[in-house]
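Input: a single structure, listed below in C-alpha cells.
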Amino acid sequence: MNFNSDITKEFKDKIKKLKNHNDLYYNQDKPSISDAEYDHLKKELFKLENKYEFLKSLKLLDEIVGSPPTNKFKKIKHLSPMLSLANAFDKKDMYDFDKKIRNFLNFSSKNIEYFSEPKIDGISATLIYKNGILIKGLSRGDGTTGEDILKNLYTIDSIPKKIIDNRLPEILEVRCEIYISKKNFKKIKGNFANPRNAAGGSLRQKDPKETAKIPLQYFAYGFGLIKPMIFKKQSEFLKKISAWGFQINPLAKIVGDIDEIEDHHNKIDQLRSSLDYDIDGIVNKVNDLSLQKRLGSTSNSPRWAIAYKFSAEKAITKIKQIIIQVGRTGAITPVAKVDPVTVGGVVVSNATLHNEDEIIRKDIRIGDTIKIQRAGDVIPQVVSVDFSKREKESKKYLFPKKCLCGAETKKELSKNTKKQDAVRRCVKGYDCKFIAKEKLKHIVSKEAFNIEGLGKKVIEQFWDLNLIKKPADIFQLNYSKIELLEGWGKLSIKNLKKAILKSKLISLEKFIFSIGIRHIGQENAKILASFFVTIKEFAKLFEFKSREKLLDNLKDLDGIGETQIISINNFFTNITNTKITKELIKELDIKNYTTPKLDGKFSNKKLMFTGGFQNISRSEAKAIAENNGGKVLGSISKKLDFLVVGSSKPTKKKIDLAKKLDIQIILEKDWNKILNS
Ligand code: IVH
C-alpha cells in the first residue's frame with residue numbers, strides 16, 4: 001500500500017463516520033457524540049483535504065458538508081394563530097380582568113358566565129379535520145407557523161382519526177395540550193427534567209416509532225378554525241367533542257362570578273398534587289362564543305381568557321451576597337445570591353430584589369434568612385425576611401448609586417403619577433457596555449431579529465472576543481475567527497450565516513421594536529410602523545429639525561402618549577444611538593409596513609371617535625374599526641377621513657372642527673348601518 005492510499009483510506013473512514021453521525025443527528029434524532037466532537041471530526045477532514053490536494057478531487061467532503069441540514073419538520077402556517085394567555089395571580093387580578101371585559105362589552109351590571117378549566121402544563125398542538133378525517137397535526141411553533149407533527153400525533157391512540165356524525169363542520173380544528181402522566185414520567189425519566197420536557201421531546205422525534213414508545217396523552221381545550229361554526233358556548237363545544245371521542249378534562253366547570261371562580265380555583269389547587277398530570281393554574285374563559293368573538297384579541301393573547309395561576313412554590317434560604325444587574329433600558333436590578341435551594345423541582349441560587357425601594361421597604365440585608373418563591377418561568381423573588389434569624393451585627397444594605405460602568409444612575413419622575421420612579425437607571429445607553437450587551441441580546445431575540453444560533457450566551461462570548469460590539473457587527477462577523485473557537489465548526493457556522501442572512505429582511509415594525517427604544521414594545525412599534533410606513537420616513541426622526549414636527553404628529557396616534565414621545569426624543573437625541581441605528585439600517589432590507597387587512601369597510605381610512613355608543617364601548621368600536629382596515633387617530637386633523645359621533649355626550653368642539661375641515665361625520669346609527677351593510 002502506498003502513502004496516498006493510506007491517506008485516502010483514513011479520509012474515507014472519517015467520511016463514513018461523519019455520514020453516520022449525520023444520520024444519527026438529522027434522521028434518527030439520536031446523536032451519539034457532542035456538537036464539539038462532531039465539529040472536531042469535520043475539522044480533521046478539512047485539514048486532511050487542505051493538506052493533500054488529491055483528496056479534494058474526490059469531492060467527498062463537499063457532498064456531505066455542502067448540503068444544509070434539512071429542517072426536521074415541514075413548516076405549515078396556522079389557519080388561525082395560536083396565541084398565549086395573559087396571567088392573573090390573585091382575586092384582584094381576576095376582578096380586574098372581569099371589569100375590563102365588562103367595560104369592553106359595555107355590560108354595566110350584567111354578569112358574565114365563565115368556563116373555568118385546569119391549565120394543563122404540557123405541549124400544545126392543533127388537530128385539523130376535514131369532513132371528519134384527521135388531515136393535519138401541527139405544533140404551536142411561533143404561534144403563526146407550526147411544524148407538521150401529524151405522524152407523531154397519529155401514534156396517540158386516544159386522538160380520533162375519524163369522526164362520524166351527520167352534523168359535522170366541514171373544517172374542525174381542535175386545540176389540545178399533550179402531556180405525559182406523572183406515573184409514566186417516573187418510568188421513562190431518561191434525560192428529561194420534568195414531564196413537560198419529556199412530552200416535548202417525544203413529540204419532536206423524527207421517527208414516529210420513537211414517539212409511539214413514550215405514552216403520550218392529551219386534553220382537548222379549544223378550537224382554531226371551525227367552518228361552518230355550529231357552537232354557541234365553550235362548554236357546549238367541549239361536551240360535543242367529548243361525544244366525538246376527544247379527551248376533555250373532567251374538572252372544568254361553568255362559573256357565574258368571581259367568587260365562584262375563586263372557589264373553583266381553590267378546590268382545584270387542593271386537588272393538584274393528587275392529579276396524575278401537571279397543571280399550573282386555571283384558565284377562565286368567557287363561555288359565550290359570540291362574546292369571545294366581539295372581545296377578539298390583542299397581538300399576543302385573547303381578551304376573553306386568562307390563566308389564573310396557582311400560588312407560587314416557596315422555600316427558605318439565606319442571602320450570601322447582593323449584586324446589581326443592568327438591563328437593556330439601563331434599569332439597575334438588585335439580585336440576591338442565595339444558598340442554593342430547590343423550589344418546585346428547580347435549584348435556585350439567584351432571586352430578584354426588584355429595585356432599591358423594595359430593598360428599603362422590606363429591609364433586606366446580606367446574611368438574612370429569607371423566604372423565596374418561584375412561579376412558572378418567572379425569576380424567583382424574595383417574599384419576606386425572617387427578622388428573628390437576623391444576626392446582631394447585620395448592617396443595612398446600601399444601594400450603589402453608580403452603574404457597573406461607573407456612571408451615575410438616576411431615578412426619573414413619572415409624568416403620569418408625578419412620583420419618583422422606584423427604579424434607578426444608567427442613562428448612558430450604548431455608551432455603557434453593560435447596557436449595550438443587553439441591547440444586543442434583545443436585538444437577536446425571538447421577537448426581534450430572531451437569529452437562531454445567536455442566543456444570549458453567544459452574544460456574551462462574541463462580545464468578550466470583540467466580535468460583536470454594536471448591532472451592525474452582527475452582519476459583519478469575522479467567521480474565520482469564529483471557526484477557530486471551541487464548539488464552532490463548518491456546519492454551525494454555515495447555519496449561523498444562513499440565519500443572519502435571513503434576518504436581514506425585516507419588517508419595519510420588528511425593526512422599530514428591535515432597536516429597543518424604552519416604552520416602545522411590540523404594540524407601540526406596530527402603531528409607529530403604521531404611521532411611518534417606510535424606513536425612509538422613520539429615519540427623519542434622526543435629524544433634530546424634522547424630528548420635532550414628526551413627534552408632534554405622533555400625538556395624533558391612538559396608543560402613543562407623552563411618555564412614548566419623550567422616550568423616542570431621548571433615544572434619538574443621543575448621538576450614539578442615532579449613529580448605531582444608521583449603521584444597522586445600512587445592513588438591512590427593511591420592508592415597508594403593510595396594513596394586515598385591507599379588505600375591510602374602512603380600508604386605509606383614518607377615523608376618530610367622540611361620544612359614547614349605546615351598546616358597545618369605545619374599545620370595542622376601536623377594535624371593530626381596526627378589524628375593518630381602519631386606523632384610529634386620537635385627535636382631529638386634515639388627515640382624518642371620518643369623525644364617528646356616538647349619541648352619548650359627543651364633544652361639540654370636535655364636531656365643529658370636523659365640519660370646518662370638511663371631514664365626513666358618521667352618526668352612531670349610520671355607523672351601525674355601514675357595518676351591517
Ligand atoms: S385556552 C391562548 N385552555 O396554555 C388561546 N389553554 O398559555 C387560548 N393550555 O397555548 C388557550 N391548558 O397550550 C387554554 N385549558 C386550557 C389550557 C391551555 C393548557 C395551554 C395552551 C396554550 C397555553 C397558553
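Since this is a predicted model, take the numbers as computed values, not measurements. Whatever order the structure lists ligands and atoms in, that order sets their numbers, starting from 1.
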### Query
I112 and side chain to side chain contact (heavy atoms under 4.5 Å, CB included): which partner among D257, V255, D98, D288?
D98
#### Entry: Min heavy-atom dist G122 to ligand 1 below 4.0 Å
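No, that is not the case, since the closest heavy atom of the residue is not under 4.0 Å from the ligand.
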### Message
Against ligand 1, does A307 come closer than 4.0 Å with any heavy atom?
### Response
no
### Query
Can you tell me if S116 and N284 form a side-chain donor-acceptor pair at under 3.5 Å?
yes
### Donor + acceptor pair across side chains of T211, Q205 (<3.5 Å)
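No, no side-chain donor-acceptor pair sits under 3.5 Å.
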At less than 4.0 angstrom from any non-hydrogen atom of [X], what atoms of ligand 1 do you find?
X	answer
E117	3 (N), 15 (N), 16 (C)
K119	4 (O), 7 (O), 12 (N), 19 (C)
P118	12 (N), 15 (N)
L83	2 (C), 10 (O)

### Query
Ring centres of F115 and H264 under 6.0 Å apart?
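No - the distance between ring centres of F115 and H264 does not fall below the 6.0 Å cut-off.
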### Aromatic contact, Y277 with F219 (centres under 6.0 Å)
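They qualify: ring centres under 6.0 Å apart.
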### Message
Using a 6.0 Å cut-off, check whether atom CD of E447 has over 12 heavy atoms from anything other than its own residue.
### Response
yes
For ligand 1, is any non-hydrogen atom under 4.0 Å from [X]'s backbone (N, CA, C, O), its side chain (CB onward), both, or neither?
X	value
K285	side chain
V283	side chain
S301	neither

Which residue and heavy atom of the protein sit nearest [atom], plus the separation:
atom	result
atom 8 (C) of ligand 1	L85 CD2, 4.0 Å
atom 6 (N) of ligand 1	Y221 CE1, 3.5 Å
atom 19 (C) of ligand 1	I120 O, 3.2 Å

### Message
Using only atom types and a distance under 3.5 Å, with no angle test, would you say the side chain of Q292 pairs donor to acceptor with the backbone of W304?
### Response
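Pair absent, no side-chain N/O of Q292 close to backbone of W304.
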### Task
Anything under 30° is parallel, anything over 60° is perpendicular, the rest tilted; go ahead and classify W244 against F231.
perpendicular
#### Entry: Heavy-atom proximity to atom 13 (O) of ligand 1, best of E177, Q292, R175
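Shortest heavy-atom distance from atom 13 (O) of ligand 1: E177.
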### Query
Among K100, K99, K92, which one satisfies side-chain hydrogen bond (donor to acceptor under 3.5 Å, both in side chains) with D96?
K92
